[in-house]
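To keep things clear, I will list the structure first and then write my remarks on it.
In this text the structure is predicted, and so the values were computed from the model without any measurement.
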Amino acid sequence: MYKKVNLPIHNQIISLLKEPILILDPNGTILSGNKAAFQILQLQNQTTESLSISSFIDFELIKQSDETHIVMEQFNQSGKLLEVRSVLLDNYYYCIIFNQLSLQEQTDEIKQFLNEVAAPSTEGVLMYGEKNILDCDSVFADMFGYTPEELQGKPISDIINLKNKNSTKTEESHLQNGNQFELTGIRKDGKKIYIDLIEYPYTSHGKIIRIASVKNITERVENENRIEYMAFYDELTDLPNRNFFHKVLKEAIRESKFNNEGLAVFFVDLDYFKEINDTLGYSFGDKLLKAFGNKLKAFLETDTFIARMSGDEFLILQRNITSKDTAVLLAEQLIKEFESPIKIGEYEIFTSVSIGISLYPENGETANDLIKHADSAMYVIKEKHRNNYNLFESSISENFKMMLTMETELRKALKEKQFELHYQPQKNLSSGKVVGLEALIRWNHPEKGYISPGDFIPLAEKTGLIIEIGDWVLYEACRQNKEWQDAGYEPVTVSVNLSAKQFHQRNLVDKVKQVLNKTGLEPHYLDLEITESMAMSNEEDILKTLHDLRDLGVFVSIDDFGTGYSSFKYLSIFPVTKLKIDKMFLNDAQKENKAIVKSIIHMSHSLDMKVIAEGVETVDQLLFLAGVECDEMQGFYFSKPLPPEKLNNFFIEV
């Protein structure tokens with residue numbers, strides 16, 4: 001038996017303390033205590049000989065560590081809780097200090113114990129057993145849309161999913177204080193919420209009962225989920241984005257290398273998207289992209305991963321392929337899928353896809369290389385055919401290197417004034433006089449000589465350099481025409497072709513006005529040529545630009561007429577002054593073409609527009625055009641495009 005005389009704290013000191021305090025031996029026998037402690041334990045006198053603390057609380061929990069701070073049930077007072085602090089003294093005696101708590105009457109004290117006083121309006125207290133809710137405060141009840149009375153006795157699993165405790169602690173550790181979990185809950189109205197739960201267990205007659213502090217973290221979790229979604233998903237199509245695809249592809253490459261397997265990357269581009277966007281608007285374009293993405297989702301399999309690259313470009317990863325035929329089969333299935341129309345509102349949109357394919361490891365061993373090479377393969381097929389697929393070849397890389405080199409040289413050509421304008425005369429068929437000149441750009445490379453416009457204009461369009469080149473052409477053509485006039489030659493109109501990018505500039509009219517003012521050329525000696533597809537792409541904006549140009553005094557012609565999709569409606573409302581018949585309609589091999597030419601001329605004259613035929617190469621073509629009352633012509637039969645110095649003599653002869 002342990003002697004009280006050996007206590008580390010004198011009994012007189014213990015009696016002076018206001019807080020309830022007891023001294024226990026290693027077996028839990030009460031050796032000493034003060035009046036406050038005995039009152040809580042409901043002992044009538046302070047005789048403690050052979051009296052064990054186990055009659056009042058679970059001493060085994062206290063013995064688990066040298067220092068504890070725990071909430072425990074008071075066995076001889078049903079429903080009463082004790083906040084217990086214990087310290088092991090000299091590896092021998094236990095000193096415990098405790099206070100009595102009541103969930104109903106002292107909620108704020110429990111919150112303070114749980115370190116939850118900081119935000120009492122948003123954090124609630126819950127007491128629950130193995131299955132059911134024993135009690136809670138009004139804050140917790142409000143969090144879930146109930147009253148405290150409605151929740152008492154309710155299964156905890158009805159409102160909180162305790163199976164999702166995202167903690168690495170073992171089941172035994174649940175007896176320790178302060179286990180923290182992020183869980184999901186269901187409100188009374190069915191809405192899902194996220195909660196932060198910190199639980200403090202105690203035992204009651206051998207069963208574990210827990211008091212928990214609960215905080216609603218729904219807003220924080222939803223914001224985190226939103227940020228994560230934005231980092232890895234495309235909001236419009238709900239598909240993974242290029243960042244997510246790159247991450248998945250890198251992992252797939254590691255797995256394929258380890259398993260000695262192949263994979264394929266598909267770069268998928270929606271054909272004619274720009275034209276649809278320009279015609280029907282960006283809102284409609286977004287709906288089309290969303291519908292396109294939904295169609296692609298039908299190809300999601302265990303071995304495929306689909307993402308949106310950007311704009312109208314999408315990426316597909318195909319794992320575990322055994323040969324290029326496996327990739328080709330998927331490409332053919334994709335093309336077939338988009339043969340059927342996409343229905344958006346009242347429209348049925350018939351579109352197609354261009355697909356570039358790169359294979360691992362043949363076409364690259366990194367994610368960047370595989371995506372880049374698939375893009376290159378797609379670009380080639382889109383330029384030539386569309387609605388088709390193309391497997392990457394090494395020659396494609398060489399062509400792209402050449403393209404990059406040409407882009408650099410194009411910029412240098414602008415800076416070093418390597419461009420020239422040649423002019424093709426336009427003849428009036430009635431008077432036989434030269435009435436106009438079409439300005440045509442030529443690139444006189446210092447080493448390679450003349451480079452065909454067909455080789456560099458598409459690249460200039462793609463890179464945006466066409467704006468700067470087009471500005472130079474417009475200025476130079478006006479300057480040269482004014483120079484001829486100042487030299488005493490009979491004034492003629494100069495025709496300048498506008499690219500789509502130029503024509504859709506918001507400041508186009510201002511640019512034209514500035515060029516005319518700077519060169520001194522009268523507006524009616526300038527004719528701007530636009531293609532048929534450009535004129536019909538966005539009726540409202542185009543109509544305003546055309547009217548502004550005509551108000552300026554500049555003429556506007558439609559080039560390559562008959563090759564696009566014009567309608568009489570557009571021609572009747574657009575202030576166009578001239579139609580240029582494409583040379584394909586002068587082909588003698590197709591007699592129907594003559595009927596088309598006659599119709600175009602008749603229609604144009606009825607709308608008070610002139611007609612000029614280009615590409616005239618034979619006397620038969622010339623006689624035919626004169627017979628059907630075509631107004632003007634140009635072509636090799638009359639003159640090829642010439643540099644300015646050779647046109648001086650041409651003017652004199654005329």
Side-chain angles (χ1 to χ4, degrees), residues 242 267 269-279 281-282 285 289 308-313 354 356 371-372 374-384 386 396-397 399-421 439-445 448 451-478 496-515 528-538 541-542 544-545 548-549 559-560 564:
R242 63 180 298 178
F267 202 104
D269 183 90
L270 180 60
D271 295 333
Y272 307 107
F273 177 72
K274 183 182 183 305
E275 290 81 355
I276 295 170
N277 222 12
D278 289 343
T279 304
Y282 292 106
L289 288 174
R308 183 186 179 195
M309 178 71 173
S310 63
D312 60 342
E313 298 171 337
S354 296
I371 294 172
K372 178 179 68 176
D375 183 15
S376 301
M378 184 280 298
Y379 177 81
V380 171
I381 200 66
K382 189 176 183 70
E383 289 291 306
K384 292 181 178 179
R386 302 197 181 197
I396 294 176
S397 285
N399 291 336
F400 269 83
K401 287 179 183 177
M402 291 173 60
M403 185 183 73
L404 291 174
T405 301
M406 182 176 285
E407 181 181 348
T408 303
E409 292 186 339
L410 264 178
R411 296 182 186 277
K412 186 177 180 182
L414 269 169
K415 185 177 180 181
E416 298 183 357
K417 300 180 179 179
Q418 296 173 10
F419 292 114
E420 300 175 359
L421 283 188
L440 300 166
I441 191 168
R442 298 291 184 262
W443 181 6
N444 190 0
H445 194 281
K448 302 175 183 177
I451 298 176
S452 169
D455 292 334
F456 69 85
I457 290 298
L459 178 60
E461 286 271 11
K462 186 175 179 65
T463 60
L465 284 171
I466 195 67
I467 297 291
E468 194 172 349
I469 292 174
D471 289 347
W472 177 83
V473 171
L474 178 63
Y475 175 81
E476 179 60 20
C478 291
V496 176
N497 293 282
L498 293 182
S499 70
K501 282 187 169 64
Q502 279 182 285
F503 189 59
H504 289 101
Q505 292 178 98
R506 293 186 181 275
N507 62 340
L508 174 64
V509 178
D510 289 336
K511 273 190 175 183
V512 173
K513 187 176 181 179
Q514 289 171 10
V515 167
L528 298 177
E529 294 188 5
I530 61 174
T531 64
E532 191 174 1
S533 58
M534 286 161 54
M536 312 309 159
S537 59
N538 191 323
D541 291 341
I542 296 303
K544 183 180 185 310
T545 300
D548 289 345
L549 288 171
D559 193 12
D560 301 330

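In summary, E409 and K448 engage in a salt bridge, as defined by a charged side-chain N under 4.0 Å from a carboxylate O.
Residue E420 qualifies as enclosed at atom CD: its count of foreign heavy atoms under 6.0 Å is above 12. Counting heavy-atom neighbours within 6.0 Å of R242 CZ, excluding the residue itself, gives a total of 12 or less. With a 6.0 Å radius and a threshold of 12 heavy atoms from other residues, nucleotides or ligands, K513 has its NZ atom at or below the threshold.
Residues A477 and A439 come closest through the heavy atom pair CB-CB, 4.0 Å. For the residue pair F503 and T545, the shortest heavy atom distance occurs at CE1-CG2, 3.9 Å.
Each of L474, L508, N497 was evaluated against L528; a single residue qualifies, L474, per the side chain to side chain contact (heavy atoms under 4.5 Å, CB included) test.
The CD1 atom of I530 sits 6.5 Å away from atom CD1 of I542, with the distance rounded to the nearest 0.5 Å. The line from NZ of K417 to CD of E476 is 9.5 Å long, rounded to the nearest 0.5 Å. With rounding to the nearest 0.5 angstrom, the CD1 atom of I457 is 5.5 Å from the CD1 atom of I441. E461 CD to I466 CD1: the interatomic distance, rounded to the nearest 0.5 Å, is 4.5 Å. For the atom pair H504 NE2 and S499 OG, the distance stands at 10.0 Å (nearest 0.5 Å). The structure places CG of L410 at 5.0 Å from CD1 of I469, a figure rounded to the nearest 0.5 Å.
Proximity of a side-chain donor or acceptor of E468 to a complementary backbone N or O of L465 within less than 3.5 Å is not detected. Formation of a donor-acceptor pair under 3.5 Å by the E416 side chain with backbone atoms of A413 is not found in this model. R308 places a side-chain N or O within donor-acceptor distance of the main-chain N or O of G311, the cut-off being under 3.5 Å. Looking at K511, its side chain never comes within 3.5 Å of a backbone N or O of D471 through a donor-acceptor pair.
Qualifying ring-ring contact (aromatic ring centres under 6.0 Å, His included) partners for F419, counting only residues two or more places apart in sequence or in other chains: W443, F456.
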*Could you go through the side-chain contact (heavy atoms from CB on, under 4.5 Å) check for E529 and L498 one step at a time?*
CA-CA 6 Å; E529 294 188 5; L498 293 182; over 6 Å; no

*asked:* Please determine whether side-chain contact (heavy atoms from CB on, under 4.5 Å) holds for the pair L421 and L440, giving the CA-CA distance in whole Å, both sets of side-chain angles, and the decisive distance to 0.1 Å.
replied: CA-CA 6 Å; L421 283 188; L440 300 166; over 6 Å; no

*Begin from the C-alpha positions of S354 and D269 and carry the test side-chain hydrogen bond (donor to acceptor under 3.5 Å, both in side chains) through to its verdict.*
CA-CA 5 Å; S354 296; D269 183 90; 5.4 Å; no

